[in-house]
Protein chains: 2
Amino acid sequence: MALDHAILVSLLEKPGSGYELARRFERSIGYFWTATHQQIYRVLKRLESEGALTVRDVPQRGRPDKKEYSVADPGRAALSRWLHEPIEPESLRHDLAVKIRGAAFDDPAALIDEVERHHQVHSGRLAHYLTGELRDFTGPDAPVPLDAGQELQHVVLRGGIAYERMTIAWLDDVLATLHTLSSRAGLAVGGPSAHSA
Amino acid sequence: MALDHAILVSLLEKPGSGYELARRFERSIGYFWTATHQQIYRVLKRLESEGALTVRDVPQRGRPDKKEYSVADPGRAALSRWLHEPIEPESLRHDLAVKIRGAAFDDPAALIDEVERHHQVHSGRLAHYLTGELRDFTGPDAPVPLDAGQELQHVVLRGGIAYERMTIAWLDDVLATLHTLSSRAGLAVGGPSAHSA
DNA sequence: CTTGCCTATGCAACAAGTTGCATAGAAAGC
DNA sequence: GCTTTCTATGCAACTTGTTGCATAGGCAAG
């Protein structure tokens with residue numbers, strides 16, 4: 001399971017608590033993998049019971065104690081084994097594309113707001129990634145030269161940036177298509193319900 | 001659940017059996033949604049029991065009978081409701097990106113074969129999509145003009161094409177990065193294991 | 001001084017997705 | 001005749017992922 005390995009990688013990059021991991025999954029790791037805190041706590045518990053992780057109780061001032069997890073040798077070995085196994089190329093699960101094809105049986109114009117909302121979210125993600133890239137890799141405060149780990153983090157981030165740019169351009173294409181269909185439907189007799197089914 | 005709606009859309013585009021749906025999910029619908037035949041049969045059964053679909057037994061020559069499903073009014077209404085609800089913008093689950101970041105704690109060069117394999121798969125998918133585009137939308141045998149449903153199918157396919165092109169370009173970037181790191185590691189004392197952890 | 005937010009962890013129930021297996025007729029190759 | 005492949009459907013068990021809720025201390029705003 002890749003969540004196990006995503007957690008191992010994140011803890012190798014920097015040990016931390018379940019809560020901290022959950023926030024990393026909303027940020028950098030979340031560029032390419034999502035997980036809720038529930039999933040994370042459950043997997044941390046299992047990995048620890050399997051000996052892949054070690055825990056350390058860390059008392060904190062002004063906030064609840066946390067359990068800081070670090071990767072133990074068996075965890076590192078398990079990650080290494082996984083890295084040498086081939087995996088299936090990923091496939092998409094894109095709800096919005098289902099909606100777009102479904103719009104042929106409803107009113108395509110009604111999707112415009114939804115697509116614009118997605119456009120905004122992806123633009124926000126792109127801006128966030130670009131800020132991070134400047135801060136960590138390409139800006140004046142970035143380390144020079146980058147070490148191997150940083151180069152690899154950067155190439156993954158470039159993938160996220162490319163993905164968001166591609167998605168934004170595609171959503172523009174979708175919007176143009178929906179607008180064209182709306183005006184076409186407006187000209188046809190019977191309005192939006194006159195589409196072929 | 002989007003699988004329900006993906007099945008409804010596919011059956012509205014053309015009624016068919018579970019087996020036929022499974023093959024569509026390996027092809028066109030599979031550009032943006034995947035499902036195994038197990039999932040499909042289970043959902044078909046549930047949607048039928050809920051009244052969203054109707055079944056018709058179709059005897060066939062030279063092969064087993066099939067059950068042909070069509071969308072009933074309640075199914076169409078359920079799809080319409082879903083189309084008017086907002087959905088969350090999708091997020092990625094990209095195992096390969098986890099591996100790439102994980103490679104910092106192992107040997108980056110060992111990933112090269114894997115990345116090249118993914119590159120080939122995505123190139124194959126791109127070629128397949130381009131063939132389909134020519135056949136159905138842009139070639140001499142394509143209908144002119146396209147109706148609304150075809151325009152929407154085309155814009156979704158263009159999304160798949162853009163995704164594959166973006167992915168292939170990114171995998172080239174990843175390969176270049178891995179090659180650079182390999183030669184750099186070769187120059188450093190201690191070889192690949194001399195990476196910072 | 002109460003309400004809401006942030007850190008921090010977790011259980012329980014449910015929904016969705018995967019894997020392995022089973023059945024069965026017909027066609028195609030050896 | 002035997003094996004493999006393709007069509008066609010399905011059960012059972014298991015793993016993953018989601019949702020709702022619960023606890024609990026501290027902090028900040030009003």
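Naming: A, B, ... by sequence-line order, numbering from 1 per chain.
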[atom1]/[X] to [atom2]/[Y] distance, rounded to the nearest 0.5 angstrom?
X: Gln153(B); Y: Asp147(B); atom1: CD; atom2: CG; result: 8.5 Å
X: Glu26(B); Y: Tyr31(B); atom1: CD; atom2: OH; result: 12.5 Å
X: Ser49(B); Y: Leu44(B); atom1: OG; atom2: CG; result: 11.0 Å
X: Asp95(B); Y: Trp82(A); atom1: CG; atom2: CH2; result: 5.5 Å

Requested in this report: Applying side chain to side chain contact (heavy atoms under 4.5 Å, CB included), run through Glu20(A) and Lys14(A) and close with a yes or a no.
Outcome: CA-CA 10 Å; Glu20(A) 283 163 358; Lys14(A) 188 167 164 41; over 6 Å; no
Nearest-angstrom distance from the residue atom [atom1] of [X] to [atom2] of [N]:
X: His37(B); N: dG10(D); atom1: NE2; atom2: C1'; value: 7 Å
X: Leu21(B); N: dG10(D); atom1: CG; atom2: P; value: 13 Å
X: Glu26(A); N: dC6(C); atom1: CD; atom2: C1'; value: 12 Å
X: Gln39(B); N: dT16(D); atom1: CD; atom2: C1'; value: 12 Å
X: Asp95(B); N: dT18(C); atom1: CG; atom2: P; value: 12 Å
X: Asp65(B); N: dA26(C); atom1: CG; atom2: P; value: 10 Å
X: Arg63(B); N: dA27(C); atom1: CZ; atom2: C1'; value: 10 Å
X: Phe25(B); N: dG17(C); atom1: CZ; atom2: P; value: 10 Å

Would you state whether a donor and an acceptor, one from the side chain of [X] and one from the base of [N], lie under 3.5 Å apart?
X: Gln60(B); N: dG25(C); result: no
X: Arg42(B); N: dG17(C); result: yes
X: Gln38(A); N: dG17(D); result: no

Query - Rounded to 10 degrees, the angle between the two terminal axes of the helix from dC1(C)-dG30(D) to dC30(C)-dG1(D), each from five pairs - result: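 Result, rounded to 10 degrees: 30°.
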Query raised in the report: Of Leu53(B), Leu47(B), Leu79(B), which is the lone residue that meets side chain to side chain contact (heavy atoms under 4.5 Å, CB included) with Leu11(B)?
Result: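 Only match with Leu11(B) under side chain to side chain contact (heavy atoms under 4.5 Å, CB included): Leu53(B).
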Query - First of Glu20(B) and Met1(A) reached from the 5' end of DNA chain D, by closest nucleotide - result: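 Nearest-nucleotide comparison on DNA chain D picks Glu20(B).
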Could you tell me whether the phosphate oxygens of [N], OP1 or OP2, come under 4.0 Å of any side-chain nitrogen or oxygen in [X]?
X: Tyr41(B); N: dT9(D); result: yes
X: Ser17(B); N: dT7(D); result: no
X: Arg93(A); N: dG17(C); result: yes
X: Tyr19(B); N: dT9(D); result: no
X: Lys45(A); N: dT9(C); result: no

Query raised in the report: Which nucleotide in the list dA24(C), dG10(C), dT19(D) gets nearest to the side chain of Pro64(B)?
Result: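 Closest nucleotide among those given: dA24(C).
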Requested in this report: Measure from the side chain of Arg23(A), starting at C-beta and using heavy atoms only, and say which of dA8(C), dT9(D), dT19(D) lies closest.
Outcome: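 Given the options dA8(C), dT9(D), dT19(D), the side chain of Arg23(A) is closest to dA8(C).
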Report task. Mind running ring pair (Phe, Tyr, Trp, His ring centres under 6.0 Å) on Trp170(A) and His94(A) for me, showing each step along the way? Result -> CA-CA 13 Å; Trp170(A) 176 62; His94(A) 205 137; 5.6 Å; yes
Report task. Check the side chains of Arg56(B) and Ser70(B) for a donor-acceptor pair under 3.5 angstrom, ignoring hydrogens and angles. Result ->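 Per modelled atom types, Ser70(B) and Arg56(B) side chains form no pair under 3.5 Å.
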Requested in this report: Could you check whether Arg46(B) gets within reach of a base, just the sugar-phosphate, or nothing at all, counting any heavy atom under 4.0 Å?
Outcome: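 Nothing: the residue Arg46(B), judged by heavy atoms under 4.0 Å, touches no strand.
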